[in-house]
Amino acid sequence: MPVAATVPHNSRKCCMHAFGEYWIQYTGKVGYGAMMDMGGDTFPEFLENLDELHTRLSINFPKYDPPSFECTETEENSLELHYRSSRHGLTAMVVGLLKGLGTRFNTEVNIVQTQNREEGAEHDAFLIEYKLN
């Protein structure tokens, strides 16, 4: 059963969610702004280019093991995002990052987690509905 991913249910998830939102705002202003600008001009375009962005980061951090994001448009203003990572426990941060990207692109986002690795799924997946403000 899909779980709404917009409101974390415990303090650790709440903290990770808030950190993800903050991280997008902070990195967009300090250090990685130019790299983020190359990721795309819209929320869905940026999500489609996430793997490329992480590949660029790997050049500067040789031991970096980047996550993988696969983005598929399901219908107009809606997409499915598959998140795979060797690290565990960062899903709430990803939700925060997605919310922060929504803010960055002046786009309202609604995120529902449809697959949860913590509940036995192979990877995490989200259904994201978005609307430009």
Side-chain angles (χ1 to χ4, degrees):
M1 180 166 137
V3 176
T6 55
V7 180
H9 300 289
N10 66 40
S11 59
R12 183 183 100 36
K13 285 184 179 180
C14 185
C15 181
M16 294 296 285
H17 184 270
F19 178 73
E21 280 194 70
Y22 173 77
W23 179 255
I24 293 297
Q25 303 309 311
Y26 176 78
T27 57
K29 295 176 185 169
V30 181
Y32 295 99
M35 184 179 287
M36 288 181 70
D37 288 344
M38 290 188 291
D41 296 325
T42 65
F43 177 78
E45 183 180 4
F46 192 91
L47 294 184
E48 290 173 12
N49 293 321
L50 277 172
D51 279 357
E52 184 179 322
L53 178 82
H54 286 98
T55 298
R56 280 189 240 134
L57 285 171
S58 297
I59 293 168
N60 293 329
F61 303 102
K63 294 186 181 193
Y64 178 53
D65 183 18
S68 176
F69 294 90
E70 181 184 342
C71 186
T72 308
E73 189 167 352
T74 57
E75 56 187 62
E76 188 175 348
N77 295 328
S78 180
L79 55 85
E80 189 171 44
L81 183 70
H82 295 267
Y83 162 63
R84 294 172 176 86
S85 177
S86 61
R87 295 177 202 87
H88 293 273
L90 297 178
T91 304
M93 185 173 132
V94 170
V95 172
L97 291 166
L98 293 168
K99 287 289 199 177
L101 286 169
T103 300
R104 177 179 175 86
F105 292 104
N106 194 30
T107 301
E108 181 181 332
V109 296
N110 181 42
I111 305 161
V112 175
Q113 188 167 2
T114 58
Q115 293 183 73
N116 190 328
R117 192 166 69 161
E118 290 179 12
E119 295 175 358
E122 177 199 2
H123 62 276
D124 295 294
F126 306 93
L127 178 63
I128 304 170
E129 295 174 336
Y130 59 92
K131 179 179 152 187
L132 183 64
N133 290 328

With a 3.5 Å distance limit and no angle check, can you tell me whether Thr27 reaches the backbone of Trp23 through a side-chain donor-acceptor pair? yes
For Thr72, side-chain hydrogen bond (donor to acceptor under 3.5 Å, both in side chains) partners two or more places apart: none
Neighbour count above 12 (heavy atom, 6.0 Å) for Tyr64 OH: yes
Might you point out which heavy atoms bring [X] and [Y] nearest each other, and give the distance in Å?
X      : Y      : value
Ser85  : Arg117 : O-NH1, 2.5 Å
Thr91  : Gln113 : CG2-NE2, 3.6 Å
Gln25  : Gly100 : NE2-O, 3.1 Å
Glu73  : Glu76  : OE2-CA, 3.9 Å
Asn116 : Asp124 : CA-OD1, 3.3 Å
Ser86  : Asp65  : OG-OD2, 2.5 Å

Verify side chain to side chain contact (heavy atoms under 4.5 Å, CB included) between Gln115 and His82, making sure each step is shown before the conclusion. CA-CA 9 Å; Gln115 293 183 73; His82 295 267; 3.6 Å; yes
With sequence neighbours left out, which residue pairs that include part of residues 23-40 fulfil the salt bridge (Lys or Arg N to Asp or Glu O under 4.0 Å) condition? Asp37-Arg104
Once ring pair (Phe, Tyr, Trp, His ring centres under 6.0 Å) is applied, do any residues pair with Phe69, and if so which ones, sequence neighbours excluded? His54, Tyr83
Are Leu127 and Tyr130 joined in one hydrophobic group, where the rule is that I, L, V, M, F, W and Y side chains link up if heavy atoms are under 4.5 Å apart? no
Calculate, to the nearest 0.5 Å, the distance between atoms [atom1] and [atom2] belonging to [X] and [Y] respectively.
X      : Y      : atom1 : atom2 : result
Leu50  : Leu101 : CG    : CG    : 7.0 Å
Asn110 : Ile128 : CG    : CD1   : 9.5 Å
Asn49  : Met36  : CG    : CE    : 12.0 Å
Phe46  : Glu52  : CZ    : CD    : 10.5 Å
Asp51  : Glu70  : CG    : CD    : 9.0 Å
Asn133 : Phe105 : CG    : CZ    : 13.5 Å

For Tyr22 and Tyr26, take the angle between the two ring planes, folded into 0 to 90°, and tell me which bin it lands in: parallel under 30, tilted 30 to 60, perpendicular over 60. parallel
Decide side chain to side chain contact (heavy atoms under 4.5 Å, CB included) for Val109 and Leu98; before the verdict, give the C-alpha distance in whole Å, the side-chain angles of both, and the deciding distance to 0.1 Å. CA-CA 8 Å; Val109 296; Leu98 293 168; 5.6 Å; no
So Leu79 and Leu47, do their side chains get closer than 4.5 Å, heavy atoms only? yes
Pair His17-Val95, side chain to side chain contact (heavy atoms under 4.5 Å, CB included): steps then yes or no: CA-CA 6 Å; His17 184 270; Val95 172; 3.4 Å; yes
